[in-house]
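To start, the structure itself, in structure tokens.
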Protein chains: 2
Amino acid sequence: MGGGAVKPGKKGTQGETGEQGRTGEQGKPGKTGKSGPSIRDVAAAADVSYQTVSRVINGHPSVKGSTRERVLAAIDELGFRRSATALALASGRSRSVTVLTANTTHYGYAAILQGIEEEARRSAYSLGIAVLESADESAVRAVVQRAADTGGGLVVIAYDPAGVGALRAVPAGLPVVGVVETPATPPGGDRPWVWTDDRAAAHEATRHLLALGHETVHYVAIPSSTRRTAPRTAGWRAALREAGASAPRVIQGGWGPAGGYAAGRRLAGDPAVTAILCGNDDLALGVIRALHEAGRAVPGEVSVAGFDDAPGSAYLTPSLTSVRLDFAGLGRAAFGLLHDVVEQSARVAPHPVSVPELIVRESSGPPPAREDARRSR
Amino acid sequence: MGGGAVKPGKKGTQGETGEQGRTGEQGKPGKTGKSGPSIRDVAAAADVSYQTVSRVINGHPSVKGSTRERVLAAIDELGFRRSATALALASGRSRSVTVLTANTTHYGYAAILQGIEEEARRSAYSLGIAVLESADESAVRAVVQRAADTGGGLVVIAYDPAGVGALRAVPAGLPVVGVVETPATPPGGDRPWVWTDDRAAAHEATRHLLALGHETVHYVAIPSSTRRTAPRTAGWRAALREAGASAPRVIQGGWGPAGGYAAGRRLAGDPAVTAILCGNDDLALGVIRALHEAGRAVPGEVSVAGFDDAPGSAYLTPSLTSVRLDFAGLGRAAFGLLHDVVEQSARVAPHPVSVPELIVRESSGPPPAREDARRSR
DNA sequence: CTGAAAGCGCTTACAG
DNA sequence: CTGAAAGCGCTTACAG
């Protein structure tokens, strides 16, 4: 096996990359949409007024069967498609949702997005994404404004300061639901929001490690959304307290494996460390890599558990113990709530969201026997 | 360490999940948008005609300084925001792009999406996502139609049959750019598209493994977008041919680690297998896991290389040799091309897109010595 | 069951 | 430099 470096020499090489642009019959300058047949064209073809066409395409009941047929035939023949923007302008409703998020690729965010998308598609809503690049207040405000200008509903993922700021910055009167950390107290004022119980999940993972015999559990944290103690941190701390274990200092790990790797290097140097809980699976990946490079076996000498149960975690070696959270379900619930608000169909009733589930795999086990621990000092 | 099963017993547990819905001042029934001040309200407040307001918000030069000031002040005071949908309807341009894709979470797709998003944000375009759930022709057509109805530009990721079908189904006259596999022949007719040279990338990775001394290289493939030989497969095969090596049968792996795992189990049983190229890093993860469970060391007995260089690949143990492709850059280029088409600003000139780069890490090495190989039979 | 009118909030020529 | 008119493609009352 090669050396210990994580990113060994890269042999850059030649490769070809292509791109081809042609300007064919790409429509008229500036104009971006089709200027296909309108409701009036259909009306003319079917020999009715355009209001009747409107009734047909809206499924209005009071239309004589024969004229409905004529209209439908004309629609079909002309290839008529109703303009979504005209519909939105005239009716005031847009059947669209835009998701405000600081990230689109980390597993939790991506899975929530996917859940929202599924439900939006089912309800024939179009889906927009607005990325919060910065947590700076005016930058956040600008993104929120632009999203609001779209005229549809909003879902804000408030797992980080940018998202929390965005949720706060949404103008009153707009339909919005927040996906938030377990709230100690209502976060966004008088609005609907959804969450999973991260606190309970962290509590359980920590208890699992303690039950294996570890004296304490170290915690490598993801960034928190506010200055308050994050739910995951709180759950970890509570489990330690209940077990009478001392609580080590929290190590900040960031979101990705690089941050986990850095944290892992620090922890690997301390022989007293036998169990590490990580704020997400990417952090755990980096921590395990660092432990490996330091020659500390997982789970033989150190147990590691992650958070989120990302798709690859079951296939790592060792496979990763992790807490599975149903982010896709959370996203579906968020959209469902938004839909209720926008359509006023229901009184915004709670949806079922599945509970966190600890998945025990190879990366967690009992601590090394006393003598071993002593010997390694 | 636990048993060999990849997904050992899951200890499901209790947890709490919360959701809270309130109906506060959520706006009027049905109406989804703000009905804030309009251009006419501003005009009244500034004591000008609404056309003048239009000129001001569009930065038209011919407006007297003093009246511009008055209008701006009124805008500020009333909190006026120009309606994007009215703008789109009246002007015919929408400054929006919707991405048609079969997937949003696999690394390549997600990174392309991210690149498109970055450039869209820079150009103040709003971004929509339309997911192609099925490759069924009528289903694809429906999604394309709905996306087209939005009135903006389209980017189609055509890495799979659904995407290829969508690209084909886009009505003529709409601004669209395709992100495609290395085209042998122009795929979508008279339209702009972008690609990376997957063929060259696969060729190089295969050559790398052959150069280490392996007699041949097995290939676990991602699904291809068409019935034609996929570029990655072609590159792999060409490298084998040039080296005079025999080409084993391609093994279909799907997109995720589970497929890689299944493929790996088959390959692990054949002691003649000493090198495996995988169509993406997730497949490689599954393959390596399967080899591990079969007791075959990586890279001691079998070398494995992946494709795409996903963020976690450098932190696996062994760290993964992979071919890095600049998907984010590809996404940025795709949007740039679309922007050029829509705004007619440039003659759709090629953008620079970086070349594939082989990253050699721990998972690839020389084959085992002859005797070892013989002994293991 | 169906038509004629007014309007959603803006832009685009056309006048002055 | 600034106003008055017509219209983008639809919906929503209002009439009959």
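Note that the structure is predicted; figures quoted are calculated from it, not measured. Lettering of chains follows the sequences in order, A, B, ..., and the numbering in each one begins at 1. Values reported hereafter were calculated over all heavy atoms of this structure, with side chains retained and with hydrogens, waters and symmetry mates removed.
In DNA chain C, stems built from 3 or more consecutive Watson-Crick or G-U wobble pairs, each with both distances under 3.5 Å, span C:1-3 with D:14-16, C:5-12 with D:5-12, C:14-16 with D:1-3.
Here C:dC1 is the nucleotide among C:dT12, C:dC1, C:dG7 with the atom lying nearest to any side-chain atom of A:Lys64. Closest to the A:Phe80 side chain, of the nucleotides D:dC14, D:dC10, C:dG9, is D:dC10. When each of D:dC10, C:dT2, C:dC10 is scored by its nearest atom to the side-chain atoms of B:Tyr50, the top-ranked nucleotide is C:dC10. Distance from the side chain of A:Gln51 is smallest to C:dA5 among D:dG9, C:dA5, D:dA6. Looking at the side chain of A:Arg55, the nearest of the listed nucleotides D:dC10, D:dC8, C:dT2 is C:dT2.
Both the sub-6.0 Å distance and the 45° axial angle are not jointly satisfied by A:Arg95 relative to the ring of A:Tyr125.
The base of C:dG9 does not come close enough to the side chain of B:Arg81 for any donor and acceptor atom to sit less than 3.5 Å apart.
Remark: the B:Asn103 side chain and the B:Thr101 side chain contain no N/O donor-acceptor pair separated by less than 3.5 Å.
Mapped onto DNA chain D by nearest heavy atom, B:Ser49 and A:Leu89 fall at different nucleotides, with B:Ser49 at the one closer to the 5' end.
OP1 or OP2 of D:dG3 sits under 4.0 Å from a side-chain N or O of B:Thr52.
Listed by residue number, the members of residues 39-47 of chain A with any heavy atom below 4.0 angstrom from DNA chain D are A:Ile39, A:Arg40.
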